[in-house]
Protein chains: 2
Amino acid sequence: MSLPHAILTALLERPSSGLELTRRFDRSIGYFWSATHQQIYRELGKLEQGGLIEAVPQPPSRGQRKEYRVLPDGRAELVRWVAEGQDPKPVRDPLLLRLRAAAVVGTAGLDVELQRHLAEHRRQLEEYLEIEQRDFPADGSGGGDRLHHLVLKAGIALETFWVQWLAEAVGELAGVPAADEAAGPGQPGIAG
Amino acid sequence: MSLPHAILTALLERPSSGLELTRRFDRSIGYFWSATHQQIYRELGKLEQGGLIEAVPQPPSRGQRKEYRVLPDGRAELVRWVAEGQDPKPVRDPLLLRLRAAAVVGTAGLDVELQRHLAEHRRQLEEYLEIEQRDFPADGSGGGDRLHHLVLKAGIALETFWVQWLAEAVGELAGVPAADEAAGPGQPGIAG
DNA sequence: TGTAACATGTAACTAGTTACATGATTAC
DNA sequence: GTAATCATGTAACTAGTTACATGTTACA
């Protein structure tokens, strides 16, 4: 259950309205935990009801901006959650699944997809590198938080992995015929 | 919607009963698309109803083993899905979120978690490397599918990333006081 | 005949997605 | 005054998780 904690973190960094949060979830926090505005408004309601956040007093009506800030209980909950025992979540990626499927039914059409993904990951990597140059310049003058930098470096390393792996995959695919029957059955893959 | 396609792939590789599929989703396919037995039985029902798979004729009763195989429509659906346009799914990782939260409320208790994750990723990496040695030995005698190897190499690279990054994170954390107030507000992180 | 392991399922809940509804403010 | 945009929300659906229920087979 990470969304409430993502919102608590965002609100501690800066008290915001629902729409502002939505915008911030399109970048920043959203780079590793995305959420739609519907999810965010619903969760804000729950958090307020639970006494973890409060709306800055204002005439509450539809269409009217409502700014939230974190209450002591909210901060305490976040502190608790940071130290909580959580197993690493296993990889869950449809693209890897598609490669596995392609090994059985043929790779027709997959090359286009791989190239599209490659371009997208290159773009994302560029974006992260620009952020790093801006917020964490080599001369140490940026003043950015070390933990923030650590998180950003994870993003950079992950995108770098995808770019390299996809480039290899594109090459590999070029050498494999896109027949409808690439491999017969009984050829067990990862651990059969 | 990847689960039905994961099941179709698994059944094409080898016709199986629900429980066998469940076991295979604990390793193999499950390394990049996990599923519980409840999900699997529900999905098998839907796929059968949709005419994509069929149960090998048998007296159908509870507690009685039921083996499924893929029908032509099921294979066609999988072929279609392999070439389908799907955007890369953005990273969604609670651990990165927790680091971000720790930058605001302090890192107390996080080091233990990082070390636990590090150990788990080391174990998983070992497992993948053993599978690689077994199924894809350097002398090319393994006969494993090139696409399967590609998928495995993605798993290896991802685990390698985590091991390296977590090791750096543990070191970084050792140099940061686990105070309840590590950083004041107004210090924007990734893209603020 | 009891019990462990095999095997299939139901029910209830939680999280996330998609489509749509409605009011307020600003710029023309 | 009306169109665009800001802002908050509802409803319905899909996917995934957790807890539990029930029948079958082997075997001590």
Side-chain angles (χ1 to χ4, degrees), chain A residues 1-8 10-11 15-26 29-30 32-50 53-68 81 86-94 97, chain B residues 1-8 10-11 15-26 29-30 32-50 53-68 81 86-94 97:
Chain A
M1 229 184 31
S2 301
L3 180 59
H5 303 98
I7 291 178
L8 286 172
L11 286 181
S16 304
S17 67
L19 192 64
E20 271 171 359
L21 276 179
T22 302
R23 301 239 190 284
R24 292 171 64 194
F25 270 82
D26 283 341
I29 297 253
F32 43 93
W33 204 271
S34 62
T36 61
H37 83 271
Q38 291 89 339
Q39 267 181 288
I40 288 169
Y41 283 116
R42 202 196 312 172
E43 202 62 47
L44 282 171
K46 283 190 207 167
L47 287 169
E48 189 179 18
Q49 202 135 24
I53 64 174
E54 65 172 0
V56 182
Q58 270 211 19
S61 86
R62 209 161 172 135
Q64 200 71 36
R65 199 189 134 84
K66 225 160 80 183
E67 181 143 320
Y68 291 94
W81 181 75
Q86 289 175 211
D87 286 335
K89 52 121 229 188
V91 175
R92 209 134 195 280
D93 194 294
L97 203 52
Chain B
M1 226 184 30
S2 301
L3 179 59
H5 302 98
I7 290 178
L8 287 172
L11 286 181
S16 303
S17 67
L19 193 63
E20 271 171 0
L21 277 178
T22 302
R23 302 241 189 282
R24 291 170 66 195
F25 271 81
D26 282 342
I29 297 254
F32 43 94
W33 203 270
S34 62
T36 62
H37 83 271
Q38 292 89 339
Q39 267 182 290
I40 288 169
Y41 283 116
R42 203 196 313 172
E43 202 62 46
L44 282 171
K46 283 190 207 167
L47 287 169
E48 189 178 20
Q49 202 135 24
I53 64 175
E54 65 171 1
V56 182
Q58 271 212 17
S61 86
R62 209 160 173 136
Q64 200 72 35
R65 199 188 134 85
K66 224 160 79 183
E67 180 143 321
Y68 291 95
W81 181 74
Q86 289 173 209
D87 286 335
K89 51 121 233 186
V91 176
R92 208 136 197 279
D93 195 293
L97 203 54

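Lettering follows sequence order; numbering is per chain, from 1.
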Atom pair distance, as rounded to whole Å: [atom1] in [X] and [atom2] in [N]:
X	N	atom1	atom2	value
A:Arg92	C:dA15	CZ	P	16 Å
B:Lys89	D:dG16	NZ	C1'	15 Å
A:His5	C:dA15	NE2	P	11 Å
B:Arg65	D:dT22	CZ	C1'	19 Å
B:Glu20	C:dC6	CD	P	12 Å
A:Leu19	C:dA24	CG	C1'	13 Å
B:His37	C:dG9	NE2	P	10 Å
B:Asp87	C:dT17	CG	P	13 Å

All heavy atoms of B:Ser2 vs all of B:Trp33, minimum pair found to be CB-CZ2, 3.6 Å
Closest non-hydrogen atoms of A:Leu19 and A:Tyr41, given as atom of the first, atom of the second and distance, are N-OH, 3.3 Å
Contact check, residues 38-47 of chain B vs DNA chain D, heavy-atom distance under 4.0 Å, returns B:Gln38, B:Gln39, B:Arg42
From the candidates C:dT18, C:dC6, C:dG16, the one with an atom nearest any side-chain atom of A:Thr36 is C:dT18
Which of C:dG9, D:dT18, D:dA15 is nearest the side chain of B:Met1? It is D:dA15
Using a cut-off of 4.0 Å on non-hydrogen atoms, how would the nucleic acid contact of A:Ser17 be classed: base, sugar-phosphate, or nothing? sugar-phosphate
To the nearest 0.5 Å, atom CG of B:Leu8 lies from atom CG of A:Leu97 at 10.0 Å
side-chain contact (heavy atoms from CB on, under 4.5 Å) for A:Leu21 and A:Ile29? Distances and angles first, verdict last. CA-CA 10 Å; A:Leu21 276 179; A:Ile29 297 253; over 6 Å; no
